[in-house]
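Since the structure comes first, as structure tokens, the remarks are kept for the end.
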Protein chains: 2
Amino acid sequence: MLLSDQAGQTAAAKIPRPATLRESVIEAIQELIVSGQLKPGQHLVESELAELLGVSRQPVREALQQLSGEGWVDLHPGQGAFVHVPTLEEADQLLAVRTLLETESARLAAGHAGEDGVKRLRALCARGIAAVQSDDVDAAVATNSELHALVTDLSGNKVLAELAAQVARRVRWYHTPVARQRGMASWDEHTSLIDAIEAGDEQRAAKIMRDHTEHTRASYMEQRENEPAEPAPKPVRRRRPRTPSAS
Amino acid sequence: MLLSDQAGQTAAAKIPRPATLRESVIEAIQELIVSGQLKPGQHLVESELAELLGVSRQPVREALQQLSGEGWVDLHPGQGAFVHVPTLEEADQLLAVRTLLETESARLAAGHAGEDGVKRLRALCARGIAAVQSDDVDAAVATNSELHALVTDLSGNKVLAELAAQVARRVRWYHTPVARQRGMASWDEHTSLIDAIEAGDEQRAAKIMRDHTEHTRASYMEQRENEPAEPAPKPVRRRRPRTPSAS
DNA sequence: TTTTAGTCGACTGCCTACAGCATACCGTCC
DNA sequence: GGACGGTATGCTGTAGGCAGTCGACTAAAA
């Protein structure tokens, strides 16, 4: 038996190589954005990020471009990169797209998922419920993402899964505040979703997923309604205040 | 009246700026791939492309990364970039996703599109039919893309439109051979689609679009069935034969 | 006081250079 | 004859540097 065949499981292979600097930078910047250290509309100066992360400008540039492709930052040619400002309208549209993609995923997953897949779903669901019960919002959100990602994987359509993952990453940005509000209800829905998938009932799985994501969407919109819109921080190139040399 | 308000039309603004080198390089490489000058699986050496296009490696690198994000090339860390090898399975999945996105777009467009939108659709449709009648396959494919893009735009969901555009760009790669086969039938379907959108009939618009994209998909799969798969050119780093210095 | 021209500063875009690494080739040992 | 280790090669990943360009600030004119 060849060594490469031994690992039938996907994740088993590949030692966690330090990867390229670019990928590390991408994750670091995403983290900075999600955590709010980089505010929407803020001008991202390459050299500053480079210094902050202890790398040169090149990996930062490449990271910013990739992040631009995924909708995290806006790239204005000749001006630089700005943290994307998520409008209410856009969030609504994004969540609508997520509903579309995940509903289809759930339908397909109900048709394709095997025993093993269902088992993994149940395990994730248990972890999520545990997280909610111990009030660990971050863990709950993370597990939620993992669960949804697994559903899209089980759909058997790799392209669909990849696209859904891309959308989900963006959704996650605004997802944290909602999670606290939705709490346990969300995980009950997950449980019935898994039941439907296990039963191979495509119709029901699709319907549950649609309702589920729509609940999240409604919850988010409701939440946002309350906080009045920020005073539209137009993306303008920040400028370091002129050094008051001698005065 | 402000000057910027004068141009109500979208395309009217923006002088065709020389754009960044990166964007030019992206388009150039896409063209090289679509035209077949760069074959699937081929190792893309940055320095060679740089020399070929008359630029330095930096813009080429950035272009390759963006193209990787859009599925044109595969980036193997530490090894370089390879032209993506489109498998039959992946094409099927990609077309399935396109069906999903465009069907939803058509449904929304039927609800949102105004008179002006319908008029523009009709204009594009006429152009496409003219292209088919004069046997200009390239123009027909281009117009087809424009028409579908316009439908997604008219859906009113920008996120959906952007995602559909991304998928459509990839689809277009394998679309040309199909277009010749489908010919006129495709444009008859477009016409009825526009009729449904004009009538505001969401159900019918969605159904027509679904059937339409599924026809394209079936046509493509049928076409591919005939040509036996290539002997799997595993993506290996090409190496220039050692210079037989003195012999 | 409002508009307009001019200047300065800083950042982006691109190029060049270097270090590390992965692969292919080749001789040697079992 | 086949497997293994050494060596060479050329590519990628990263760093640093320079010129072009955009925006902001200042001062002068209407």
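Here is how names work: the chains are called A, B, and so on, in the same order as the sequence lines, proteins then strands, and each is numbered from 1.
If you take CD of B/Glu46 and C1' of C/dC18, they are 15 Å apart, rounded to a whole angstrom. Atom P of nucleotide D/dG10 and atom CG of B/Leu44 are separated by 19 Å, given to the nearest angstrom. Rounded to an integer number of Å, the gap from CG of A/Leu49 to P of D/dT14 is 16 Å. Between the CD atom of B/Glu48 and the P atom of D/dT9 there is a distance of 18 Å, rounded to whole Å. Between the P atom of D/dT14 and the CD1 atom of A/Ile26 lies a distance of 11 Å, rounded to the nearest Å.
Taking the side chain of A/Leu21 as heavy atoms from C-beta on, and the options C/dG13, C/dC15, D/dT14, the nearest nucleotide is D/dT14.
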Please tabulate, for the side chains in residues 29-37 of chain B, all donor-acceptor contacts under 3.5 angstrom to protein atoms that are two or more places apart in sequence or on a different chain.
unit_1, atom_1, unit_2, atom_2, d
B/Ser35, OG, B/Glu31, O, 2.9
B/Ser35, OG, B/Leu32, O, 3.2

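For DNA chain D, the residues of residues 57-70 of chain A within the heavy-atom distance limit of 4.0 Å (strictly under) are A/Arg57, A/Gln58, A/Pro59, sorted by number.
Evaluation of the salt bridge (charged side-chain N to carboxylate O under 4.0 Å, His left out) rule for A/Asp136 yields no partner, not counting sequence neighbours. Under the rule for a salt bridge (charged side-chain N to carboxylate O under 4.0 Å, His left out), the partners of B/Glu104 that lie at least two apart in sequence or sit in another chain are B/Arg107. For B/Glu146, the salt bridge (charged side-chain N to carboxylate O under 4.0 Å, His left out) test picks out B/Arg127, with sequence neighbours left out. Not counting sequence neighbours, the partners of B/Glu70 by the salt bridge (charged side-chain N to carboxylate O under 4.0 Å, His left out) test are B/Arg169.
Sparse packing is recorded around CD of B/Glu162, with 12 or fewer heavy atoms of other residues, nucleotides or ligands lying under 6.0 Å away.
Within 4.0 Å (heavy atoms only), B/Leu75 reaches no atom of the nucleic acid at all.
A sub-4.0 Å separation between OP1 or OP2 of C/dC11 and a side-chain N or O of A/Gln79 is absent. At the phosphate of C/dT12, OP1 or OP2 sits under 4.0 Å from a side-chain N or O atom of A/His43.
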